[in-house]
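One structure is given below, encoded as structure tokens.
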Amino acid sequence: MNPDSPESDRPTPPGDEPSAAPAPADPVADQRPGGGPPEMAADSGPLPADRPRRPARTGATVAGVVLALAVLGAPLGLLWAALAPDTPVLKTAEGAIYAEPQPEQPIAADGWFSLLGLAFGVLAALVLWFVLRRRRGPVGLLAAVLGALAAAPVAWQVGRRVGLATFDRLLDSAPAGQAFTKPADLRAGGVDWLLGVLPVPHGNLLLPAFGAAVTYTLLAGWSRWPSLRPEPEPDPTALSWVSAGRPAPPAAPEPPAPGAAEPPRG
């Protein structure tokens, strides 16, 4: 034992060891989500993956859209038949001929069908874009194009048959020289049969599909979201651990009191 420092050489009894001083609290860690270190707060695990789309459900959606647009082709044909003018004809021994050498009514019928078909495709693309938000992309584009392509022949056949029965009856029973009208029909479009089983539309029957494809593509190009689907806006009031852990800027020094001595300059 050292007489000069008797307390320093005295053995410490068991259980009286000095405990370690508690570590100072980290105010930055308390403000992080979960109170953990930056590495643990930033890496919260992989994000949940989107559910894989079922091909059967996708096919059912496309088939339903195509069927609905094909049914809407019937009122489109009725509207075309109401707007397109009938062509005056004369009954002869060989059949019906035009009452005028170069009638304008067949050209007007093609023009009305082209305008109505193009407008139909544009409206179909707009409706599908806002209604089928979860199917935006190739599935929505395919449904819009196929549906407009199916609606065009339906509209043509429905429209051309309005008044066709009366025309056929007059063509068979009217005497030679009698004048009557022929219902609207298309001259710049129709349907060809590939291998006798596959219908292939051509001419202005393709305009509804063209309008739907162009409109849907433009909507996708102007979309503000990369996934083409509405995404939630970030909360500007939410603070991350990076902003919470950033030290505050130092305060500006207070001006010296009046009458205080200036520090020596040197």
Side-chain angles (χ1 to χ4, degrees), residues 59-91 94-100 103-128 131 140-174 179-216:
T61 301
V62 174
V65 170
V66 171
L67 181 60
L69 292 181
V71 172
L72 291 177
L76 177 64
L78 295 177
L79 179 61
W80 170 58
L83 296 176
D86 296 339
T87 306
V89 295
L90 287 176
K91 173 65 181 298
E94 291 80 13
I97 62 173
Y98 290 137
E100 301 175 0
E104 298 179 355
Q105 289 81 3
I107 301 176
D110 283 331
W112 275 112
F113 189 90
S114 300
L115 291 177
L116 293 176
L118 191 62
F120 179 85
V122 172
L123 291 178
L126 288 173
V127 171
L128 292 180
V131 172
L141 178 61
L142 181 64
V145 171
L146 292 181
L149 198 62
V154 174
W156 171 43
Q157 291 300 319
V158 171
R160 70 183 293 267
R161 294 181 184 278
V162 176
L164 185 59
T166 303
F167 171 76
D168 292 338
R169 180 177 54 82
L170 292 175
L171 187 61
D172 295 335
S173 61
F180 48 95
T181 58
K182 180 183 178 182
D185 202 351
L186 293 182
R187 297 194 308 177
V191 175
D192 294 333
W193 291 89
L194 182 62
L195 302 178
V197 293
L198 183 62
V200 180
H202 62 86
N204 47 11
L205 289 181
L206 300 176
L207 285 178
F210 175 77
V214 172
T215 304
Y216 201 95

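These figures come from a predicted structure and were not determined experimentally. One is the number of the first residue; the rest follow in order along the sequence.
Between the CZ atom in Phe210 and the OG1 atom in Thr215 there is a gap of 9.0 Å [rounded to 0.5 Å]. Atom CD of Gln105 sits about 5.5 Å away from atom CD of Glu100, to the nearest 0.5 Å. One distance of note links CG of Leu207 with CG of Leu116; it measures 11.0 Å at 0.5 Å rounding. Residue Leu171 holds its CG atom at 12.0 Å from OG1 of Thr166, rounded to the nearest 0.5 Å. Separation of atoms CH2 (Trp112) and CG (Leu83) is listed at 5.0 Å; rounding is to 0.5 Å. Taken from OH in Tyr216 to CG in Leu126, the straight-line distance is 11.0 Å, to the nearest 0.5 Å.
Partners of Arg169 under the side chain to side chain donor-acceptor pair (under 3.5 Å) rule, at least two apart in sequence or in another chain, do not exist in this structure.
Shortest non-hydrogen contact noted between Ala184 and Asp86 is N-OD1, 3.7 Å. Closest approach of Pro106 to Pro103, counting heavy atoms only: CD-O, 3.8 Å. The nearest pair of heavy atoms linking Phe120 to Ala151 is CE2-CB, 3.5 Å. Scanning all heavy atoms of the two residues, the minimum distance from Val89 to Lys182 falls at CG1-CB, 4.1 Å. In terms of heavy-atom proximity, Pro183 sits nearest to Phe167 at CD-CB, 3.8 Å. Here the closest heavy-atom approach between residue Leu205 and residue Pro208 is recorded as O-CD, 3.5 Å.
Of the possible polar contacts, one joining the Asp110 side chain to the Arg187 backbone as a donor-acceptor pair under 3.5 Å is found.
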Table please: side-chain donor-acceptor pairs of residues 64-81 below 3.5 Å, with sequence neighbours left out.
unit_1: Trp80; atom_1: NE1; unit_2: Ala109; atom_2: O; d: 2.9

List the atom pairs, donor and acceptor, that lie under 3.5 Å between side-chain atoms in residues 191-203 and the rest of the protein, sequence neighbours left out.
none

